[in-house]
Structure formats: structure tokens, C-alpha cells
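Only heavy atoms go into these numbers, but all of them, side chains included; no hydrogens, no water, no symmetry mates. In the text below, chain A, chain B and the rest are named by the order of the sequence lines, each starting its count at 1.
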Number of protein chains: 2
Amino acid sequence: MTSAPKLSDQLCFAAYSFTHALNRAYRPLLEPLGLTYPQYLVMLVLWEDDGQTVKEIGDRLKLDSGTLTPLLKRLEAGGYVTRRRGREDERQVIVRLSDEGRALSEKAAQVPVELGCAMGAGLGEIAELRERLTALRDRLGEAGCAVGEPEASQG
Amino acid sequence: MTSAPKLSDQLCFAAYSFTHALNRAYRPLLEPLGLTYPQYLVMLVLWEDDGQTVKEIGDRLKLDSGTLTPLLKRLEAGGYVTRRRGREDERQVIVRLSDEGRALSEKAAQVPVELGCAMGAGLGEIAELRERLTALRDRLGEAGCAVGEPEASQG
DNA sequence: CCCATATTAATTGCGCGCAATTCAATTTCG
DNA sequence: CGAAATTGAATTGCGCGCAATTAATATGGG
């Protein structure tokens, strides 16, 4: 048996390469804004709710401080956010939009439009895909399985 | 207008966080094999067709030499592959499995089974998702759109 | 044959992602 | 109250991904 490629692997590679393609598609749209895609995600989170802690941002984006701390420092260096220790709890660092960071949302409004257009997918398909991927992601986050029955594999 | 999150952004984040979740799910399965997920992908490609050039591997995985060269050197250091300049065309580097690398496919056979199980998705759902993601990825790789009509956006 | 152009890998530099560790602040509990 | 446990962020180290550059080899036209 030549170890044929398994379908679950193929799905994983599809997701992997789709994500890279997304990144490449976002790059030229975000570069004029001075943002990378992960930085754009942080800005989306802050545009929705300003003044969140590093922990809260990390919970939303599923990222930890090892990723966020240097990223936020770059956003701060770019003048889009401020980082200040909380008064109540000095362990926390509260991230706030600067005026420039708030203003950036205007320029960024076109990004998802162009992206959705580049994908050329209908509203329904996008919504369905999003739900399935999110559901699978959350299931992956759980315990896993006891490797009992070989299931959902086979190319 | 508070710049509500757009659906296309949500799909992109779903794909982004799904891919990270996949990576986390693969890690404990691949760590005993001494592989990272991208290294595993290269091994899958080589198990399917041994003796490919860096270019060919890159075409299949959509990766360039900047990513592959150091990765392949690590696989070589780990004893799984050899890298040798081609005799016909000395620009090319041909990557071949070592005996150990070939033997690894046996141990790796269980990986997609466990992964598919952890996702807990049916064969049909997996196949459909894979097709859609691949189609979207390929569409993203193309020209894009003329930003005419706002379409496929809106949260 | 020779030179301009192409192609192929390797290299450099930067920004993630994440595990592991460290440190300070806070909470819990004896 | 005070020691231990917990929490939040920062730091370190490593492996991608990719743009940009470089170097070596191959190819095609004059």
C-alpha cells in the first residue's frame, strides 16, 4: 500500500492553502493602510469594542500574548493604538485606539467588499462555509476521540 | 456607522482560526514522528512521488524556496530526505526519501484517521468543504475584480 | 559562438504563531 | 494577616511564509 492521501488530510491542506491565498489577497489591500492581516484583525476587534485588554483580544482572536505583545507594540509604533496598564488591575494592559486608529476604519471599509468580490462567492455560500469552519474549529479544540473506529478518513 | 464586521471578513477569520486549530490538532500527532505540519505535507508529497525538485514540491504545496529550502534542510538533518543537485540540470535540487523517510509513512498512516475523527465530520461534509475551499483559493489567486458593485459583503 | 534572458535555489529580513519560562500583581485560603 | 496559588503580560527560542535579492545554470537569438 502506497499510503494514498487521505481525505481528511486533503481538507486540512485545502484549509491551509486557502488561508495562505487569503493572506496574499489581503496583502495588497492592507498594505496601503500599513497593516498586516493579523494587525487588521486586532483593529477589527478594537473598532467593535475599544479599550480591551490583551487577554480579551487574545480570547477573541485565539492568540496569546507571545503573538500579541510584539504585534501591539508595532501598532503602537504606527500610531494606531495606545497601551497602558490598568489602574484597577495593574497586571492588565488596556489597548485603546488613537484618533488615527479610529479614523482608519473609514479607509478600511472597502477591504471586505473587495475581498468578498475577489472570492466571487455568494452571500449564502460564504455564510455556510463560515459556520462549518467555525464548528469544525471548535470541535477540534475539544478532547478529540479515543481512536476507536477508523472513521471519516480514506482518500 | 460603527463599521460592523463584514461577512467576508468573518469567513476569512473562520478560515484563519480553523487553520490554527488544525495546526494545534496535528502537533501532538506529528510530534512523535519528529515532524511539523508543513514538514508532514512535504513528506506526503514525497510519499506520493519520490524524487521531486524543490520547484515541483513548491508548486504542489504553493510554497517558495524561501520556505522550502530551510524546511528541507531540517528534514535532511532529521535523516528523512536527501538533497542533491540534478545531473541534467544543475540548477535543480532533487529531494529523495531516505529509507527512514520511506518507513515513516507507516507510522504516519494513523495521523489522518485520528484527525478526521477529531473533526467528527462525515465523509460527505469533508469532501464538500475541501472542494469549496480549493475553488475559492484558486479564484483568489486570479485577477480579482474591478470593485464595481459592492457584492458578497455585509455582516 | 556569444550575449541577453529565463529559470532554479539559496539567502536575508521581517512578522507572525506558539510553547515554555519569567515576573509582577492579585486572589485565595489557612 | 501572610503564604501559596492563580492570573496577565512580557520574553525567549524556533519554525514557518513570503518579498526581495543574489548566484549559478540553462536557453534562445543574432
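One interatomic measurement links the two molecules: NZ of A:Lys73 to C1' of C:dC16, which rounds to 15 Å at whole-angstrom precision. Put simply, CD on B:Gln52 is 14 Å from P on C:dT8, counting in whole angstrom units. Atom pair B:Asp89:CG and D:dA26:C1' shows a separation of 6 Å (rounding to whole Å applied). The CD atom of B:Glu90 sits 9 Å away from the C1' atom of D:dA24 (whole-angstrom rounding). At whole-Å resolution of the value, OH in B:Tyr40 and P in D:dC16 are 15 Å apart. Atom CD in B:Glu31 sits roughly 11 Å away from atom C1' in C:dA19 (whole-Å rounding). Atoms CZ (B:Arg83) and C1' (C:dA10) sit 9 Å apart, rounded to a whole Å. The interatomic distance linking A:Gln92 (CD) with D:dT7 (P) rounds to 13 Å, in whole Å.
Nearest nucleotide to the B:Arg74 side chain, out of C:dG15, D:dC16, D:dG8: D:dC16. Relative to the side chain of B:Arg91, the nucleotides D:dA9, C:dC16, D:dT25 differ in distance, and D:dT25 lies closest. For A:Pro38, whose side chain is taken as the heavy atoms from C-beta onward, the closest listed nucleotide among C:dA25, C:dG17, D:dA24 is C:dG17.
Checked by atom type and distance alone, the side chain of B:Gln52 pairs as donor or acceptor with a backbone atom of B:Val45 at under 3.5 Å. At distances below 3.5 Å, at least one donor-acceptor pair connects side-chain atoms of B:Ser98 with backbone N or O atoms of B:Tyr80.
Between the CZ atom of B:Arg24 and the OG1 atom of B:Thr19 there is a distance of 10.5 Å, given to the nearest 0.5 Å. We find the CG-CD1 distance between A:Asp64 and A:Ile57 to be 13.0 Å, quoted to the nearest 0.5 Å. Rounding to the nearest 0.5 Å gives a distance of 11.0 Å between CD of B:Glu100 and CG of B:Leu97. Taking CZ from B:Arg83 and CZ from B:Arg96, the interatomic distance works out to 12.5 Å, rounded to the nearest 0.5 Å. A distance of 8.0 Å separates CG in A:Leu46 from CG in A:Leu72, rounded to the nearest 0.5 Å.
Remark: B:Arg85 is not in phosphate contact with D:dT25, judged by side-chain N or O atoms under 4.0 Å from OP1 or OP2. Contact between the side-chain N/O atoms of A:Thr69 and the OP1/OP2 oxygens of D:dT11 is not found at any separation under 4.0 Å.
Glycosidic conformation at D:dA24 (O4'-C1'-N9-C4 for purines, O4'-C1'-N1-C2 for pyrimidines): anti, more than 90° from 0.
When heavy atoms are screened at a 4.0 angstrom cut-off, A:Glu88 is found touching the sugar-phosphate backbone but no base atom. Residue B:Leu71 is classed as a sugar-phosphate contact, given heavy-atom separations below 4.0 Å to backbone atoms only.
Considering only heavy atoms from C-beta on, A:Met119 comes within 4.5 Å of B:Leu140 through its side chain. A heavy-atom distance below 4.5 Å is found between the side chains of A:Arg102 and A:Asp50.
In summary, A:Arg60 and A:Glu56 do not engage in a salt bridge, as defined by a charged side-chain N under 4.0 Å from a carboxylate O. Salt bridge annotation for B:Asp89-B:Lys55: absent, with no cationic side-chain nitrogen under 4.0 angstrom from a carboxylate oxygen.
In this structure, the helix from C:dT7-D:dA24 to C:dG30-D:dC1 shows an angle of 10° between the axis at its start and the axis at its end, each fitted on 5 base pairs and rounded to 10°.
For B:Arg84, the CZ atom is loosely surrounded, since the number of other residues' heavy atoms within 6.0 Å does not exceed 12.
Near-neighbour residues of DNA chain D inside residues 13-27 of chain B, defined by a heavy atom below 4.0 Å, are absent. The stretch residues 54-67 of chain B touches DNA chain C through B:Val54, B:Lys55, B:Ser65, B:Gly66, each having a heavy atom within less than 4.0 Å of the strand.
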